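In what follows, a structure is listed as structure tokens, so that the remarks can point back to it.
Scope of the values below: all heavy atoms of this structure, side chains included, with no hydrogens, waters or symmetry mates. These numbers come from a predicted model, not from an experiment. Just so we're on the same page: letters track the sequence lines, and every chain starts at 1.
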Amino acid sequence: MTALEFRNVSKKLRHTVIARDMNLSIRDNSFSVIFGAPGSGKSTLLRLITGFEKPDKGEIFLHDQPVNRVSSAERNIGYVPQSFALYPHYSVFDNIAYPLRLMGMNKTDIVPVVEGAARRLQITHLLKKRPDQCSGGEKQRVAIARGIVKNTRIFILDDPLTGLDFKLRERLFDDLRQMKEELAATFIYTTSDPLETLILAEDIHVFDGGTIIESGDLASVYHQPQHVRTMALLGYPTTNLFAGKVTQRNGQNVCVTEIFTFPVEIYHAAHPDLDVQVALRPQHIRIDTTSSNGLIKTNADITLVEDLGGELHIYLEAGTIALETLMPHHDAAHVTEGHTTIGIVPSDFKLYAATDHRFIGQGVY
Amino acid sequence: MATEIRLENLRCQFGRLAAVDNISITFPASSVTCLLGPSGCGKTTLMRMLAGLQTPTSGDIYFGEQRVTDLSPSERNVGMVFQYPVVYRGTTLYRSVELPLIRDRHVSKSERKQRVESILDMLDLTPLAGRDVSSLDNATRQKAAVARAVARQPQIILFDEPITNVDVNAKSQLKRALKTLVKQHSQTIIYVTHDQTEAMTLADEIALMENGRIVQRGIPRELYNHPNTRFGGWFLGNPGMNFVAHDIQHSDGRAAVAAPLFAQPIRLNGSINLEHVIVGIRPEQVRLGVKTPTSVQGEIMRTAFVVGGQQLVTLKMGEVLLKAKTHATHVLTRGALIDVDCPLQAVTLFADNGERLDVTLKPDPVEQSL
């Protein structure tokens, strides 16, 4: 069963196209992340699901029932907005209780439900405070508690961790995943943060240019992105991309770029001088390759080494191309800024057509 | 030029809250010290007191031999770069860097020109020198703010989260500029951030703050590898250290720990009279699929991809959850059991109050029969 389906949904907001003939299908009981760049219209997409916005065209289904004509209140969706949107003059308790009051639940029934949600997010001690007496992280927990307080099968979270510092987010990652396991419900979550997506998602839907360009379970989308935008956006550090051209040399397809030339296997019919974008994940660049054979090599300069603790994030320049790589600290403790050689296993070069941005082939030995 | 900064029993109280709680410390001359800590730890208040923007409740601040506690910001001769760049509209980049020098009558016209040009060059700003500052993107404006602070050649430069509000793509560019700058200049720099990567990358020393106090101070790798407190182990690292409570078994005057992380008793090196300890180990140091005499089995609860395609694995051993980082290609099945090895030399032990214990785990084959 699907929890949510968009069939050919179009939506314009003033002059901006948010969705263009868009299809989307979200698995029941999944933690599904709608992942897209900032400003791509993700929040509006969610407002179409909650019923705060109406589609211009197309139909939306919740649990296989069409809901275009169902009011927002009747859709019974738990919603955590991007900004905390807490009522400043209400206590934390009353903020969390608000959706229940709106549903007409009576006072005595509300108390245990609110206390349960507060316990889950470890904010019981805050219930009597007002939002302005809470820290940023606490406010976010209150907003999440309010979003999940309803007994419902779909929860929508609109980029709820944005703006929180990293350690707070780390705690909330665990809380959210725990919550998902405890509540038998569908979580629909938007973010533009690749790490957040990689940590939280079971399923991912990549939203770009008013449409879902790629969907699937996280591991398969991450390992084999079919669209260059997915490859570019999903991963941290971000994927290295540079222009190349596929030509024939001695009966073999070869990809020529400013810094590398390597034989390739093209899965789709290629024509001479095919323009491609070459993608190279940061972790696939090896540094200091003197002893390794079978690598495609080039000279590069290390311009910055950042220490992430467990890993080093290394910035390189090869010709006019800026590259990034990431190595575990214990493998890379010797790496310093300056001149070096880098090497790539040929099959780690992934090729995308410059025209339709689809995956078309990869490097070979 | 450069001068050390010395704080003596410095305290700043807001109502009942001690934002800065009796700090005494010396930041050495010509070094970069990062004040690192979570929101609300007091790092910004401490910075504001150094700049003269906040009056201490008690205690003193010295720049070199000079007591500056009562001096106004302008009398302190410090450069400041804030979280949000200050922009003078209708001013060229060159002019905005030059402006503080024009006000300084001790700087000749030729020296002024030389200073402005050299800092613009160092920060790759020369091609933009004629542009209106308000037409520049945030990262470039912030670089201009850095150039302005540095060109004055103050003895001390204070940075207050200068990178936080710059977009992701421009961050590395700005970090590179700052790194070049701190290498080539000899000012004493205090840099406030909540971002451990920035601190680990730029600092000569990190002063880690929690609840108004400096809980540890040292070179970045030292703090990462040997946190003094459980808080430090958690705060540095992403994700932070694992902490697992262990009962201490006492027998024949010897103390040892075993389950849940170790298959057999491991002797403690050093004297201890506690009932339990907390074993701390970093996720990247937990080894998976490695069977040793001390390894245990864990159930794979969840896996997630993290930086550089590594997998972050959540393991369950009884009631205990443990996180481990492993290579992307390691095949891990949810629900399966796997050997989990915590190398003894990678473990840090903490007391219940969060302080590191001066005790290590002793690899000792004799103890296998304990």
Side-chain angles (χ1 to χ4, degrees), chain A residues 38 135-137 163-171 173-174 177-178 180-181 192-202 218-219 221-223 234-239 281-285 303-315 322 324-331 333 337, chain B residues 37-40 161 164 167-169 171-180 183 193-203 220-221 223-225 231 234-241 282-285 301-312 314 321 323 325-329 332:
Chain A
S135 70
L164 295 185
D165 72 42
F166 195 86
K167 296 312 279 191
L168 273 173
R169 291 171 52 192
E170 195 179 298
R171 280 189 176 163
F173 288 155
D174 288 342
R177 288 183 58 143
Q178 188 69 33
K180 161 68 181 60
E181 272 154 33
S192 57
D193 185 307
L195 274 183
E196 211 168 302
T197 305
L198 292 169
I199 288 174
L200 291 173
E202 290 168 0
L218 179 70
V221 173
Y222 177 71
H223 284 303
L234 187 62
Y236 182 88
T238 44
T239 305
R281 281 248 158 84
Q283 60 267 32
H284 294 148
I285 297 179
T303 59
L304 176 68
V305 179
E306 264 181 31
D307 194 341
L308 308 189
E311 304 81 18
L312 291 183
H313 183 174
I314 301 158
Y315 297 78
E324 292 177 36
T325 174
L326 191 109
M327 297 171 82
H329 189 272
H330 53 84
D331 292 346
E337 279 134 38
Chain B
S39 321
E161 309 220 8
T164 302
D167 79 81
V168 178
N169 297 321
K171 272 193 166 127
S172 62
Q173 183 205 2
L174 199 55
K175 273 186 218 172
R176 204 172 289 138
L178 287 172
K179 210 170 171 184
T180 313
K183 259 192 212 160
T193 180
H194 68 264
D195 182 324
Q196 48 149 327
T197 303
E198 254 172 74
M200 299 270 296
T201 303
L202 295 171
R221 284 313 301 184
L223 260 75
Y224 188 81
N225 293 334
F231 166 78
W234 167 76
F235 192 80
L236 285 168
N238 93 60
M241 213 175 228
R282 296 211 170 271
E284 67 269 21
Q285 285 172 322
M301 299 288 290
R302 302 193 269 260
T303 63
F305 297 107
V306 287
V307 284
Q310 298 176 94
Q311 296 185 81
L312 181 67
T314 308
L321 294 180
K323 285 181 180 163
K325 260 188 209 171
T326 186
H327 199 267
T329 52
L332 299 160

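No other option in B:H327, B:Q196, B:K325, B:K179 has as many heavy-atom pairs under 4.5 Å with chain A as B:K179. When each of B:R221, B:Q285, B:Q310, B:M200 is scored by its heavy-atom pairs under 4.5 Å with chain A, the top score falls to B:R221. Interface summary for chain B: among A:L198, A:D307, A:V305, the most heavy-atom pairs under 4.5 angstrom belong to A:D307.
Scanning both residues, B:V307 and A:Y236, for their nearest heavy atoms gives CG1-CD2, 3.2 Å. In terms of heavy atoms, B:F305 sits closest to A:L218 at CD1-CD2, 3.9 Å. For B:R176 against A:T303, the heavy-atom pair with the smallest separation is NE-OG1, 3.2 Å. Closest non-hydrogen pair, A:P237 versus B:G308, comes out as CD-N, 4.1 Å. Taking all atoms of both residues into account, the shortest heavy-atom contact from A:R177 to B:A304 is NH1-CB, 3.7 Å.
Although no hydrogens or angles enter the test, the distance criterion places no donor-acceptor pair under 3.5 Å between the side chain of B:Y224 and the main chain of A:L308.
B:E198 does not touch chain A: none of its heavy atoms, backbone or side chain, sits under 4.5 Å away. At a 4.5 Å heavy-atom cutoff, the contact between B:R302 and chain A is made by backbone and side-chain atoms alike. Neither the backbone nor the side chain of B:R282 comes within contact range of chain A; no heavy atoms are under 4.5 Å apart. Heavy-atom distances place the backbone of B:T303, and not its side chain, under 4.5 Å from chain A. If you measure heavy-atom distances from A:R171 to chain B, the contacts under 4.5 Å come from the side chain alone. Proximity to chain B is absent for every atom of A:H284, based on heavy atoms less than 4.5 angstrom apart. Using a 4.5 Å cut-off between heavy atoms, A:A201 does not touch chain B at all. With a threshold of 4.5 angstrom between heavy atoms, A:E324 does not approach chain B through any atom at all.
For the atom pair CG (A:D174) and OG1 (B:T314), the distance works out to 6.5 Å, reported to the nearest 0.5 Å. Note that the CD atom of A:E306 and the CG atom of B:L202 stand 8.0 Å from one another [nearest 0.5 Å].
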Practice problem: Check the pair A:E311 / B:V306 against side chain to side chain contact (heavy atoms under 4.5 Å, CB included), numbers first and verdict last. | Solution: CA-CA 11 Å; A:E311 304 81 18; B:V306 287; over 6 Å; no
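For the pair B:E284/A:H329, no side-chain contact is recorded, criterion being any heavy-atom separation below 4.5 Å from C-beta on. Looking only at side-chain heavy atoms (C-beta outward), A:H313 and B:T201 stay at 4.5 Å or farther from each other.
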